[in-house]
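Chain identifiers are assigned alphabetically (A, B, ...) following the order of the sequence lines, protein sequences preceding nucleic acid strands; residue numbering begins at 1 within each chain.
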Amino acid sequence: MPSTRSKRKLKSAVEPSKKAKTQTVTSPRKTALKEPVLEKMVTDNQSDKSCSDSESELESLDEEIILCEERRRMNLKLNAEFFSSLQIEQAKANLQESKRQKHPKPSQRGLKREKLVEPINRRSSLRLQKKDPEGIPLPPEALINRADYLFYHEPVVEHERPPSGPLQMTESLYSTVTVEEHKVLMELRDKMAVKPLKSNTISFTNFSKVLDKLVITENQVCKVVPERTFSVAVHPMEDSILAVTGDKWGRLGLWNVSSTSDAVVTYCPHSRPITCIDFPRENSHLLLSCSYDGTLRCGDLHKEVFDEVYSTPEEADILFRNFDYPCPNTLLVSRNDGCVALVDRRTKGTEAEHTYRIGQKSMRTVSIHPLERHYFVNAFVDGRVCLWDLRNLKEKNNKPLQTLTHGRSLNSAYFSPITGKCILVTSMEDVLNIYDSCNISEISLKKSIRHNNHTGRWLTGFRAAWHPAREDVFIVGSMNRPREIQVYGDDGHILRSLRSEEYLNSVCSLNVFHPTRSAVVGANSSGRLHVFM
DNA sequence: ACTCAATGGTGCC
DNA sequence: TGGCACCCCTTGAG
């Protein structure tokens, strides 16, 4: 039961507010507030006076409430002014803008995403139930060691090597690509003829003017393969720019850049990264590709087949890294097991003619001397560039004619394309080296360029590449921000940095010049191609 | 012989 | 829509 005292308290607390309302409308007063309302009420309680006694007090309480309300409004106004003076909205907008610039939305053109299907989990039955092969539950301790950890984290998706022998292009289409799109691409076949390549006669100065005109537009960025690119090439024909790239899981994407629609056709001729692709100039309807899956295939656009040219047993786990041509129909293939293989494209079967062991460790690239085609250099991962003579190679115990050492692993070593008078080396010791190989028996360092080649684990390493028709220009990716593709002169100076705030916002690890048209194709690590032309 | 961390872009949630 | 998990045969330091 509430006491009379407490009832009174209630009354005095409630009634004034009623009054205050009416007074606010009729005659608001402007007396200074002397005591806080709460304090006043507490005093009321303490004094325990009757209602009639506190009549005047109630009036002053009304005033106080009005004033308090006014002060509240004033505070609200001042606060609002203060916050607007901080320009938070402006700062927010700026932040959003800089974020957009830092992480712009990638181009949505090109290859469509594969429909998500429930992954087939081969091991869900017993392993994920923490049971051994007999179905007996494993003790929890058994899961702690590293081997088990790795086992549980093996990729769920299987990437099987395509069956040996010819592979129909239409049967190896990536799931979202239609046969119609393949047929449209094949219409390019009749325009593919190319003349033999001559040394580019445009002077260095004029060539740098041509470079100044290179631009990239919305239509010149396109997703061509679903995942990280490991190789890129451009068809030598002049009518259309046909760019091609190979990705991590053996997908090969062709993109007709000159077509008005997104003309992308993607095939799956391999099951592991495609490390080198090329349209040989003499037979430009062919598309050669080698892969970590231990096969080298030859796509024939007339036959619409990927022929198997050279392969090693899948279980041998030999990775093919790149190839070059000692003769038009012969390929020299570099492998990760310290061997190079000499392969004739026309012979039946998929065996190499010869396999030469030239080292114990893995190598990256091989590059044939363009004039004296029995010479080649290779780039070992242990930092050595070695010069070899194909005529003198034995099955094993080979000794290089010359060795150029580097402190770190190498990404590539390429002879200059016309005379072979220079060798361009990309090294993990953060340099691009140009060697003078005019005198093949005495190769010397000509120029060393500092260049950040630390692309890390997720990005394909840089491989500085010559212009196919020039000996004074090469191209390389860059880690610089804003993102850029760099064109260097053989004096070691940057001729041009190809940039675009709008259309180039990622690292293009691999880049190629078109041999005769002014066009550059750059491949980033998510399967997108960028064409400056 | 081993472990660990670094690296950038994306596409999913 | 922003945030962050994921990628994973690579290198170099410890």
Side-chain angles (χ1 to χ4, degrees), chain A residues 92-93 95-119 145-147 149-157 159 161 221-230 247-250 270-275 290-294 312 314-322 334-338 361-364 379-383 406-412 426-431 452-463 477-484 503-510 522-530:
Chain A
K92 190 179 159 190
L95 192 68
Q96 279 175 343
E97 184 52 36
S98 74
K99 264 194 176 177
R100 255 197 296 279
Q101 281 177 11
K102 256 188 181 172
H103 303 284
K105 197 178 176 175
S107 160
Q108 300 301 299
R109 292 173 58 83
L111 191 67
K112 302 290 173 285
R113 291 193 57 71
E114 202 169 21
K115 266 194 177 174
L116 279 177
V117 277
E118 279 300 308
N145 75 54
R146 190 175 157 75
Y149 175 84
L150 289 174
F151 192 81
Y152 274 91
H153 287 78
E154 266 184 64
V156 173
V157 185
H159 291 268
R161 188 159 110 174
V221 187
C222 193
K223 180 112 174 165
V224 181
V225 283
E227 290 184 63
R228 172 177 156 193
T229 54
F230 278 73
D247 89 343
K248 190 179 73 177
W249 292 120
H270 296 278
S271 60
R272 311 293 319 272
I274 299 178
T275 43
C290 72
S291 164
Y292 279 3
D293 70 4
T312 49
E314 197 168 4
E315 59 275 14
D317 204 23
I318 294 168
L319 319 183
F320 295 173
R321 306 211 92 136
N322 107 314
S334 62
R335 321 196 310 191
N336 75 326
D337 62 347
K361 288 198 172 182
S362 179
M363 72 190 87
R364 288 268 143 73
F380 281 110
V381 294
D382 65 7
H406 301 79
R408 296 259 188 275
S409 176
L410 301 175
N411 287 355
S412 60
T426 307
S427 161
M428 286 306 288
E429 62 180 351
D430 279 355
V431 290
N452 177 11
N453 294 331
H454 197 75
T455 46
R457 182 176 154 179
W458 312 123
L459 303 187
T460 301
F462 296 142
R463 286 178 242 161
S478 167
M479 296 299 279
N480 290 357
R481 281 184 190 273
R483 296 308 187 200
E484 62 183 20
Y503 302 114
L504 180 65
N505 290 295
S506 55
V507 175
C508 280
S509 296
L510 302 171
N524 77 359
S525 286
S526 70
R528 285 194 171 80
L529 294 185
H530 304 72

What distance, rounded to whole Å, do you find between the two C1' atoms, one in dT7(B) and one in dA13(C)? 15 Å
Give a yes/no answer on whether the side chain of Arg483(A) brings an N or O atom under 4.0 Å of OP1 or OP2 in dG9(B). yes
At less than 4.0 Å, is any side-chain N or O atom of Lys105(A) found next to OP1 or OP2 of dG2(C)? Yes or no. no
If you check every side-chain atom of Pro106(A), which of dG8(B), dT10(B), dC9(C) has the closest atom? dT10(B)
Between Trp458(A) and Asn411(A), who's closer to the 5' end of DNA chain C by nearest nucleotide? Trp458(A)
CG/Asp247(A) to CZ/Arg272(A) distance, rounded to the nearest 0.5 angstrom? 12.0 Å
Rounded interatomic separation in angstrom, taking CG from Asn452(A) and C1' from dT11(C): 13 Å
List for me each residue that meets side-chain contact (heavy atoms from CB on, under 4.5 Å) alongside Leu319(A), sequence neighbours excluded, and say none if there are none. Tyr292(A), Asp317(A), Asn336(A)
Could you tell me how far apart Glu227(A) (CD) and dC12(B) (C1') are, to the nearest whole angstrom? 14 Å
Measure from the side chain of Asp317(A), starting at C-beta and using heavy atoms only, and say which of dC12(B), dC9(C), dT11(C) lies closest. dC9(C)
Selected nucleotide, minimal atom distance to Met479(A) side chain, candidates dT11(C), dT7(B), dG9(B): dT7(B)
Atom-pair distance (NE2 on His159(A); P on dC9(C)), nearest Å: 12 Å
Do the side chain of Gln108(A) and the main chain of Pro106(A) share a donor and acceptor less than 3.5 angstrom apart? yes
Residues in salt bridge (charged side-chain N to carboxylate O under 4.0 Å, His left out) with Asp430(A), at least two apart? none
Leu111(A) atom CG is separated from dG11(B) atom C1', nearest whole Å, by 14 Å
Between dG12(C) (C1') and Asn453(A) (CG): distance, integer Å: 15 Å
Using a cut-off of less than 4.0 Å, is there contact between a side-chain N or O of Arg228(A) and OP1 or OP2 of dG9(B)? no
Please report the distance, rounded to the nearest Å, between NZ in Lys112(A) and P in dG11(B). 13 Å
Return the nearest nucleotide to the side chain of Arg113(A); candidates are dT11(C), dG9(B), dG11(B). dG11(B)
Would you tell me if any nitrogen or oxygen in the side chain of Arg528(A) comes within less than 4.0 Å of OP1 or OP2 on dG8(B)? no
Does dT11(C) have OP1 or OP2 sitting under 4.0 Å from an N or O in the side chain of Ser409(A)? yes
Sugar-phosphate, base or nothing in reach of Leu319(A), heavy atoms under 4.0 Å: base
Rounded to whole angstrom units, what separation is found between the CG atom of Asn524(A) and the P atom of dT10(B)? 5 Å
With a 3.5 Å distance limit and no angle check, can you tell me whether Ser334(A) reaches the backbone of Arg364(A) through a side-chain donor-acceptor pair? yes
dT10(B) phosphate, OP1 or OP2: any side-chain N/O from Ser526(A) under 4.0 angstrom? yes
For residues Ser291(A) and Phe320(A), determine if any side-chain heavy atom of one lies less than 4.5 Å from a side-chain heavy atom of the other. no
Arg109(A) CZ to dT10(B) P: how many Å, rounded? 16 Å
When you measure from the side-chain N and O atoms of Arg408(A) to the phosphate of dA13(C), is any distance below 4.0 Å, counting only OP1 and OP2? yes
Both His454(A) and Gln108(A) contact DNA chain B. Which one's nearest nucleotide lies toward the 5' end? His454(A)
